[in-house]
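The basis for the numbers below is simple: all heavy atoms, side chains too, and nothing from hydrogens, waters or symmetry mates. We name chains A, B, ... by the order of the sequence lines, and we start the count at 1 in each one.
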Amino acid sequence: MPELPEVETIKLDLYKLIVNRKIVAVEVSLLKQIKNPLKYFLKNIVGVKIKQIKRRAKNLFLELDNGYFLVFHLKMTGQLIYRSKKGWLAGGGHSIRQDLKKLPNKYSHVIFTFENGARLFFNDMRQFGWVKLVDKKELEQMFKKIGPEPLDKGLTADKFMALLVKKKTAIKSLLMEQDFVAGVGNIYASEACFCAGIAPIRQANSLSPSEAKKLLLCLKKILRLAIEKKGTSVVDYVDAFGERGQMSRFLKVYGRVSQPCLKCGIPLKIMRQAQRTTVFCSHCQK
DNA sequence: CGGAGTGTTAGTCG
DNA sequence: CCGACTAACACTCC
């Protein structure tokens, strides 16, 4: 599930709950989900306080007060769920089946316990996600080749156009490349192309300056809306406050194949691009 | 039951 | 450079 807006939502939800909390215990039940030697991982986390929680692209990371950083990538099905000592929940990630709301469950691979008795569960059904403890240098290294944050004011239409002209790749695939722009995945790349009236297979360098500008504005608008709506819930995702990400109501193409285009009414089409599904309108997107 | 498809991304091959 | 394809994995849907 998580693209930029979903990771941002998790960050905002967790922010007031875990900043200034001290981690007093860590349990790891699936070693491959941590990308460090276990000893090193534990030694530098247990007994340490969380100073900040931040996001870069789809990475969520905790800044610890010993100078290290704990980086999470949720990939397809990762979740970060906070449970207070009294039992209420926060956080989110991939949809939670009713019977898996019990925590820990069979997908709880790493569990952090705080000094106030609350716990943070890193769950991942498909096990593609990971968590890695890094120092500042390694953190910079990890993020060095990631492209600009799409919501950064510094990413202007001129800069976006300058990036586009260097690329012949299909525009929709390009939007999903993390070293081009950060945090955009299949849902929001599809939506941005529809919003801008641009066919997903158009070569990036074939976009006119006005098309590029429109595409960037669309992307920013959609991402901001998605954050406001607390992300997209593809299945019956319920976040842990018992609230649902509302963004799926606002999607115009993703998941709507064969349904009428909301601009012109003809049925939306589907195609495969780079092994990913793209839904689009053959009439409105040129 | 089998096969295709799923929010990601690193990597290979031609 | 670029697109196609695979692999990592568990589960749902048809």
CA sep, side-chain torsions, deciding dist, call: A:N59, A:I146, side-chain contact (heavy atoms from CB on, under 4.5 Å): CA-CA 11 Å; A:N59 299 277; A:I146 298 179; 4.0 Å; yes
Single hit among A:R56, A:K54, A:K49 for salt bridge (charged side-chain N to carboxylate O under 4.0 Å, His left out) with A:E63: A:K54
NZ (A:K220) with more than 12 external heavy atoms under 6.0 Å: yes
B:dG7 and C:dC2, which share atom name C1', separated by this distance in whole Å: 25 Å
From C:dC9, C:dC2, C:dG3, nucleotide with atom closest to A:K167 side chain: C:dC2
Same apolar cluster: A:L217 and A:L225, side chain cutoff 4.5 Å: no
Ring geometry between A:Y68 and A:Y40 (parallel below 30°, tilted from 30 to 60°, perpendicular above 60°): perpendicular
Interatomic distance where CG belongs to A:D179 and C1' belongs to B:dG11 [whole Å]: 14 Å
Under-2.5 Å SG separation for cysteines A:C218, A:C195: yes
Flag for A:K172-A:N186: side-chain donor and acceptor within less than 3.5 Å: yes
Donor-acceptor side-chain pairing of A:T278 and A:R272 below 3.5 angstrom: no
Same-atom distance (C1') from C:dA8 to B:dC1, integer angstrom: 25 Å
N-O pairing of A:E3 and A:K58 below 4.0 Å: no
Ion pair check, A:K286 and A:E211, cut-off under 4.0 Å: no
Phosphate OP1/OP2 of B:dT9: any A:H73 side-chain N/O under 4.0 Å: yes
A:E149 bridged to A:R55 by N-O distance under 4.0 Å: yes
Of residues 271-279 of chain A, the positions that come close to DNA chain B - non-hydrogen atoms, cut-off under 4.0 Å: A:R272, A:R276, A:T277
Distance in angstrom units between A:R126 CZ and B:dT8 P, rounded: 11 Å
N/O (side chain, A:K75) to phosphate O (OP1/OP2, C:dA8) under 4.0 Å: no
Face-on cation placement of A:K166 at A:F180 ring, 6.0 Å and 45° thresholds: no
Stems where DNA chain B pairs, listed by first number, each of three or more Watson-Crick or G-U pairs under 3.5 Å: B:2-6 with C:10-14, B:8-14 with C:2-8
A:Q127 CD - B:dG7 C1' separation (whole Å): 17 Å
Rounded interatomic separation in angstrom, taking CZ from A:F143 and P from B:dT9: 12 Å
Gap between atoms CG and P, on A:L74 and C:dA10 respectively (whole Å): 18 Å
Which residue lies more 5' along DNA chain B, comparing A:I270 with A:K145 via nearest heavy atoms: A:I270
Presence of A:Y254 side-chain N/O under 4.0 Å of B:dG7 phosphate oxygens OP1/OP2: yes
Mutual orientation of the aromatic rings belonging to A:F112 and A:F41 [parallel < 30°, tilted 30-60°, perpendicular > 60°]: tilted
Under 4.0 angstrom between A:T169 side-chain N/O and C:dC2 OP1 or OP2: yes
Nucleotide B:dT9, atom P - distance to CG of A:L4 in whole Å: 11 Å
Interatomic distance where CG belongs to A:L175 and C1' belongs to B:dT9 [whole Å]: 16 Å
Gap between atoms NZ and C1', on A:K132 and B:dA10 respectively (whole Å): 14 Å
DNA chain B contacts among residues 26-36 of chain A, heavy-atom distance under 4.0 Å: none
Below 4.0 Å: OP1/OP2 of B:dT8 and any side-chain N or O of A:Q178: no
Euclidean distance for C1', C:dC11 against B:dA10 (whole angstrom): 23 Å
